Amino acid sequence: MTLPDVYSDDQEPQPPEPEVSKRSRGVALGLCFFGGVFGLHRFYLEKPKTAIAMLLTFGGLGVWYLYDLVLIASGEFRDAEELPVRNWGVEMSPFMVRELTGRAERRVADLEEQVDAMRQQFNDLAERVDFAERMLAQQREPTPPRLPRGS
């Protein structure tokens with residue numbers, strides 16, 4: 001007697017995640033809200049032809065602008081590659097990641113140098129304080145009384 005396919009150990013492959021645009025929905029929404037009648041959001045989403053049309057018609061006299069605003073807010077607007085713009089976050093480009101990493105490494109190296117310099121100054125100061133304490137301690141020690149000669 002064999003087990004039905006429902007009980008088999010083989011798991012079915014999960015469907016791949018739907019592809020979405022790498023462009024930020026938040027940026028697109030902000031550009032649409034503040035400059036939508038000029039087609040700024042369409043320039044951002046790499047749709048220059050329709051962006052120029054929006055620019056020349058002042059957002060289709062406001063109708064096209066409002067339509068795009070609703071589509072972007074609902075996550076149904078599509079970029080030039082026909083991928084839905086749904087991610088709110090902004091992805092860093094590889095160039096920016098390298099630039100930030102390089103700056104961060106330089107900053108860490110500078111901070112390490114500053115900490116080492118401060119440590120050296122602290123050690124020098126500690127030596128000076130120790131020396132001063134020894135000198136003061138020698139001055140405070142009473143000298144033994146001298147006995148007269150001949151007694």
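Predicted model, so just to flag it, every value in this text is computed and none were measured.
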(Q) Before you tell me yes or no, could you show the steps for His41 and Phe77 under side chain to side chain contact (heavy atoms under 4.5 Å, CB included), namely the whole-Å CA-CA distance, both residues' side-chain angles and the distance that decides it to 0.1 Å? (A) CA-CA 11 Å; His41 60 290; Phe77 198 84; 4.3 Å; yes

Q. Please walk me through it: do Phe43 and Leu31 pass side chain to side chain contact (heavy atoms under 4.5 Å, CB included)?
A. CA-CA 10 Å; Phe43 281 115; Leu31 287 172; over 6 Å; no

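The structure places CZ of Arg86 at 6.5 Å from CZ of Arg78, a figure rounded to the nearest 0.5 Å. Separating the CZ atom in Arg119 from the CD atom in Glu112 is a distance of 10.0 Å, to the nearest 0.5 Å. Here the CG atom belonging to Asp116 is positioned 11.0 Å from the CG atom belonging to Leu111, to the nearest 0.5 angstrom. Here the CZ-CG distance, from Phe34 to Leu29, works out to 9.5 Å after rounding to the nearest 0.5 Å. Atom CG of Leu40 is separated from atom OH of Tyr65 by 11.0 Å, given to the nearest 0.5 angstrom.
Put simply, the side chain of Ser21 never gets that close to the backbone of Leu83: no donor and acceptor are under 3.5 Å apart. Without hydrogens or angle criteria, Lys22 side chain to Asn87 main chain gives no donor-acceptor distance under 3.5 Å. One N or O on the side chain of Arg25 and one on the backbone of Ile72 form a donor-acceptor pair closer than 3.5 Å.
Contact between Gly75 and Pro84 at its shortest, heavy atoms only, is O-CB, 4.2 Å. Taking each heavy atom of Ser74 and Leu71 in turn, the nearest pair found is OG-O, 3.1 Å. Residue Gly39 comes nearest to Ala51 through the heavy atom pair O-CB, 3.6 Å, listed as atom of the first residue, atom of the second, then distance.
Counting heavy atoms from C-beta on, the side chains of Glu81 and Glu19 never come closer than 4.5 Å. Residues Val108 and Glu105 are not in side-chain contact: their nearest non-hydrogen atoms beyond the backbone lie 4.5 Å or more apart. Looking at Val85 and Leu45, their side chains come closer than 4.5 Å, going by heavy atoms from C-beta outward.
Hydrophobic clustering keeps Ile52 apart from Val37 (ILVMFWY residues linked when any side-chain heavy atoms are closer than 4.5 Å, directly or through intermediates). Residues Phe58 and Val70 fall into different hydrophobic clusters, defined by Ile, Leu, Val, Met, Phe, Trp and Tyr side chains chained together at heavy-atom separations under 4.5 Å. Cluster annotation: Tyr67 and Leu69 are assigned to the same hydrophobic cluster (Ile/Leu/Val/Met/Phe/Trp/Tyr, side-chain heavy-atom contacts under 4.5 Å, transitive).
Taking the ring centre of Tyr44 as origin, the terminal cationic atom of Arg23 falls inside the region bounded by 6.0 Å and 45° from the ring axis.
Classification of Asp68 and Arg42 as a salt-bridged pair holds, one side-chain N sitting under 4.0 Å from a carboxylate O.
Residues passing the side chain to side chain donor-acceptor pair (under 3.5 Å) test with Asp110, sequence neighbours excluded: none.
With 3.5 Å as the limit, one finds a donor-acceptor pair spanning the side chains of Asp124 and Gln120.
Counted within 6.0 Å of CZ on Phe38, heavy atoms from surrounding residues, nucleotides or ligands total 12 or fewer; the atom is thus considered open.
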